[in-house]
Trainee: 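Take this structure, written in structure tokens, and hold onto it; I'll ask about it next.
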Amino acid sequence: MYRQFTDNLVAGLSSRAKLEEDLYLQVDKLVALVSGQTALDNGDYQPSRAIRNHYSLVIEEHALAVRKLLNQLFR
């Protein structure tokens with residue numbers, strides 16, 4: 001019984017740690033995308049409308065992924 005309990009506890013902690021790691025990685029990706037978009041907006045290079053739209057869609061996709069991970073973390 002003791003072994004069964006401790007094995008489940010370790011498995012639960014490792015899945016939570018994995019979830020937290022995934023969350024931080026996703027946030028880092030989102031920060032990098034936002035930083036890239038800011039650099040494009042403030043630089044001499046004026047991106048086309050298609051590039052700006054693409055960045056917006058990718059940022060939205062990553063923001064939704066962060067929300068999904070947060071929902072899993074706080075469930």
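As the structure is a computational prediction, the values presented were derived from the model and not from experiment.
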Trainee: Could you work out, with side-chain contact (heavy atoms from CB on, under 4.5 Å) as the rule, every residue matching Glu60, not counting sequence neighbours?
Mentor: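 Partners of Glu60 by the side-chain contact (heavy atoms from CB on, under 4.5 Å) criterion, ordered by chain and then number, come out as Leu57, Leu64.
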
Trainee: When the side chains of residues 25-40 are checked against the rest of the protein, which donor-acceptor pairs come out under 3.5 Å, sequence neighbours left out?
Mentor:
from, atom 1, to, atom 2, distance (Å)
Gln26, NE2, His62, ND1, 2.4
Ser35, OG, Val31, O, 2.9
Thr38, OG1, Val34, O, 2.9

Trainee: Any chance you could measure Ser48, atom OG, to His54, atom NE2, to the nearest 0.5 Å?
Mentor: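 Atom-to-atom, Ser48:OG and His54:NE2 are 11.0 Å apart.
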
Trainee: Could you report the tightest heavy-atom contact between Leu23 and Leu70, atom names first, then the distance?
Mentor: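 Closest pair (atom of Leu23, atom of Leu70, distance): CD2-CD2, 3.6 Å.
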
Trainee: Please list, chain by chain and in numerical order, all residues satisfying salt bridge (charged side-chain N to carboxylate O under 4.0 Å, His left out) with Glu20, sequence neighbours excluded.
Mentor: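 Listed in chain order: Arg16.
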
Trainee: Just to verify, what does Arg52 make a salt bridge (charged side-chain N to carboxylate O under 4.0 Å, His left out) with, not counting sequence neighbours?
Mentor: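 Partners of Arg52 by the salt bridge (charged side-chain N to carboxylate O under 4.0 Å, His left out) criterion, ordered by chain and then number, come out as Asp41.
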
Trainee: Salt bridge (charged side-chain N to carboxylate O under 4.0 Å, His left out): which pairs involve residues 65-75, sequence neighbours left out?
Mentor: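 Sorted pair list comes back empty.
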
Trainee: Does Asp22 have any salt bridge (charged side-chain N to carboxylate O under 4.0 Å, His left out) partners at least two apart in sequence or in another chain, and if so, which?
Mentor: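 Here the qualifying residues are Lys18.
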
